[in-house]
Every structure is written in structure tokens, then in C-alpha cells.
Amino acid sequence: MKEKIEAILNEINAFTTESKEELDQFRIKYLSKKGIIPSLFGEFKTVTPEMRKEMGQALNSLKNSAQDKFNAIQEQLENKEDVTETDVDLTLPVDFSELGSRHPLSIVRNKIIEIFARIGYTVSEGPEIEDDFHNFTALNFPEEHPARDMQDTFFIEKNPDLALRTHTSSVQVRVMENSKPPIRTISPGRVFRNEAISARAHCIFHQVEGLYIDKDVSFADLKQTLLYFAQELFGKETKIRLRPSYFPFTEPSAEMDISCNICGGKGCNICKYTGWVEILGCGMVDPNVLENCGIDSKEYTGFAFGMGIERITMLKYQIDDIRLFFENDQRFLKQFESAL
Ligand code: DAH
């Protein structure tokens, strides 16, 4: 029996496998009820009393060896299985997600901020949900002004005094209320109007408002500031032209055209063969507005201007449909990465 045990022990020690089936056969062969080791325990009854102790120990250690072997290989196979089950091939190269690009509206907004920062303008912001006072009343809009109409303005149903701001001019009111002249600031931001969406118009768009208040600010300062801006953004050869216009919050008011940046003023379909394209509204801040915002209109004067970022971006890059800005189509957005 002793030799038998030794022979089996050698077999067990030498056993190795990578397959579950073979391991199972090992278990059946040595450890199952009808396996070799339990049957040896059966034979144990026939062992002489002098040999019992030795044989008993040998048998127990054989059984432990078989069980340990079985456990060790089973664990190895399970670990291996864990890895293959996740189906992850750790040797594969990393799947780099593509780097995004800056939105063309952000590129142009940043450029506008940078141009005005060079002549001392700070950036200020205001809320997109605005009250009637800051969006209309302080800016001298008469009670019956059509811009207050339901058709242009998104009102907040629960509180008709609140609306989505229709322009960033509301920010100039807030700046004037909260600071003392000299004031030199631009306010970029999102605005909302109840307009049908088309290639030319959208219900959400972006504006930049400009405001300069100090002693003795004149219309000549406004004109020179806007000429500097137009030439920085569209090129040194750009010319400007101011046409009289009307806004409730400026007096006098004007609209500014630049010489068409596509045809250089010769005439093309972008400028409708006039050589000029409109880019902003401007004027001297109406004394009423200064007073509404707590600034002494006898001591201070100032100018303001406002422009649409979409419009300027469309002119700069010859984009012919405003809806493209809001569709998040990578093929469109990617074209502006290093454009400015
Ligand atoms: N708020 C005007 C608009 O949304 C734009 C504008 C015109 C702003 C003239 C101004 C300005 O500051 O002086 O159409």
C-alpha cells in the first residue's frame, strides 16, 4: 500500500492542465466518491494495527495533496477566465477621441474682445432673463414701442415683467447703475427674439454691446473707435460709412456700413452690388438713459454701439446660412480651427 500511495502522489504532483475538462477528470479520478483516494481509505481497514498510524498519515497527506492541487489549478483557470471574459485586448492601441475645435462664433467673439481690450475696454455680462426696466424702460423705449410686442419678445409666462433679453443693451444699463464713469466696456452675450428661423434670422443669436462714458466724449470719438475696430477685424483697407438711423437709447443714432470685404467695394452679391454692408448700430447715449441709470447727463456724455456676432462671422467667413451655427455639424465647425 505504501508503494501505491507513493506512486499516486507522484502522479498527482506531476499533474498539470490548462483545461477545465481535464481538471474535472482529475477530480473524478482521485477525489470523487468512487475515486482512487476514497477507495484507498476503504482498503485502510485491512492495514495491520502496527502500520495504521503511518499509513493513516500517508493517506491523509495524499488526500490533501490532491485537494490542494485541484484547488490551485482551479483558481488559476478562473483567473484566466476573468480576463478573457471582459474581452479587452490590452495590447490594442488607444482609441483617441478626436479633438474638438472652437466654435466660429467664439473665435469671432474672442477676437472682438481682444481688439477692444487693446484700447482699454473691459468685458461685462448681465442676465439672459431680464426685467422690463433693464431691457426696455431704462433704455427709453416708449410704452407702446413695437419691440415690446409679444411677437418680438419671449416673455416669462408666470411674470410678465420678465423676458428673455432681446439685446445686450440691457447690460449697459446694469453697468451704468453699478459703476461710476469713466466707463469703457463691451458686453458679449446671447439674445432672444421671437422670429421665424430662416437662413438670415434665428430666435437665438449673439451680440456685442459697447459703451463708453466719460467727460467730453464726442461723436468723433465714436467714429474713430469704430474705424479702428473695423480695420482690425476686417483688414486695414476697410472703409466705414455712417448712415443716420434711429434707436430709442441713442441720440443721434447711426448705422455703420463697412466697405464690402468680399469685393472690396466694387459690388457683388454679398453687398447686393452697393459696395457696402451694414455691421452695427451706434450713437450717443441719450441723456434720458444716463439719468435713468443714475449718471449726471450734464457732466457726462458717452457713446454706445451694438453688433450681431453671427452677422459679422457670416461676413468674415462668407457663411450664407445662420442656421449652420446651431447645428453642431463637425464638418462645418472644424473649418475655423486656425482661421483667426
Ligand atoms: N440694441 C440694438 C439692437 O439690438 C443694437 C444697438 C444699436 C446697440 C445702437 C447700441 C446702439 O448700443 O447704440 O438692435
Side-chain angles (χ1 to χ4, degrees), residues 109 112 116 121-128 130 132-142 145-149 151-154 163-177 183-195 200-214 217-227 229-230 240-258 277-290 292-293 295 297 300-312 314 322:
R109 182 199 53 210
I112 295 171
F116 280 104
Y121 280 70
T122 59
V123 174
S124 46
E125 285 180 347
E128 291 181 347
E130 193 51 282
D132 177 272
F133 179 76
H134 291 91
N135 198 76
F136 294 125
T137 303
L139 289 164
N140 220 17
F141 277 83
H145 195 283
R148 294 180 178 227
D149 200 295
Q151 266 147 40
D152 279 310
T153 308
F154 289 115
L164 300 182
R165 67 179 176 197
T166 58
H167 53 181
T168 44
S169 302
S170 56
V171 187
Q172 48 158 293
V173 177
R174 290 189 174 271
V175 172
M176 285 191 275
E177 279 176 333
I183 294 168
R184 230 181 290 160
T185 189
I186 55 166
S187 323
R190 196 156 54 149
V191 301
F192 309 84
R193 282 185 204 173
N194 195 358
E195 300 222 24
R200 300 263 133 227
H202 211 287
C203 57
I204 301 177
F205 56 101
H206 299 77
Q207 291 187 330
V208 176
E209 185 79 12
L211 180 70
Y212 179 28
I213 312 280
D214 203 349
V217 176
S218 71
F219 201 92
D221 297 323
L222 168 62
K223 200 172 165 189
Q224 191 60 36
T225 303
L226 294 179
L227 176 66
F229 165 69
I240 63 165
R241 145 178 121 166
L242 292 167
R243 284 178 290 102
S245 184
Y246 173 77
F247 299 103
F249 36 90
T250 42
E251 183 58 36
S253 304
E255 277 170 320
M256 186 176 93
D257 300 338
I258 56 166
V277 282
E278 184 205 321
I279 66 159
L280 55 79
C282 60
M284 301 305 291
V285 179
D286 192 301
N288 281 344
V289 175
L290 294 175
N292 288 342
C293 303
I295 290 177
S297 63
Y300 294 105
T301 53
F303 62 70
F305 53 88
M307 63 189 107
I309 305 183
E310 279 79 359
R311 180 166 175 75
I312 290 193
M314 287 167 82
I322 195 171

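Just so you know, ligand 1 is whichever comes first in the structure, and atom 1 is the first atom listed for that ligand. Side chains are part of it too, since the values below use all heavy atoms of this structure and drop only hydrogens, waters and symmetry mates.
- N135 places a side-chain N or O within donor-acceptor distance of the main-chain N or O of T166, the cut-off being under 3.5 Å.
- Residues F229 and F116 place their aromatic rings such that the two centres sit under 6.0 Å apart.
- Side-chain N or O atoms of S253 include one that pairs as donor or acceptor with a backbone N or O of F247 at under 3.5 Å.
- R311 pairs by the side-chain contact (heavy atoms from CB on, under 4.5 Å) definition with V277, E278, not counting sequence neighbours.
- In this structure, the side-chain contact (heavy atoms from CB on, under 4.5 Å) partners of E128, at least two apart in sequence or on a different chain, are R165, R190, F192.
- Residues lining ligand 1 at a heavy-atom distance below 4.0 Å are given as H167, S169, Q172, R193, Q207, E209, F247, F249, T250, G281, C282, G283, A304, F305, G306, ordered by chain and residue number.
- F133 pairs by the side-chain contact (heavy atoms from CB on, under 4.5 Å) definition with D131, T137, A138, V173, E177, not counting sequence neighbours.
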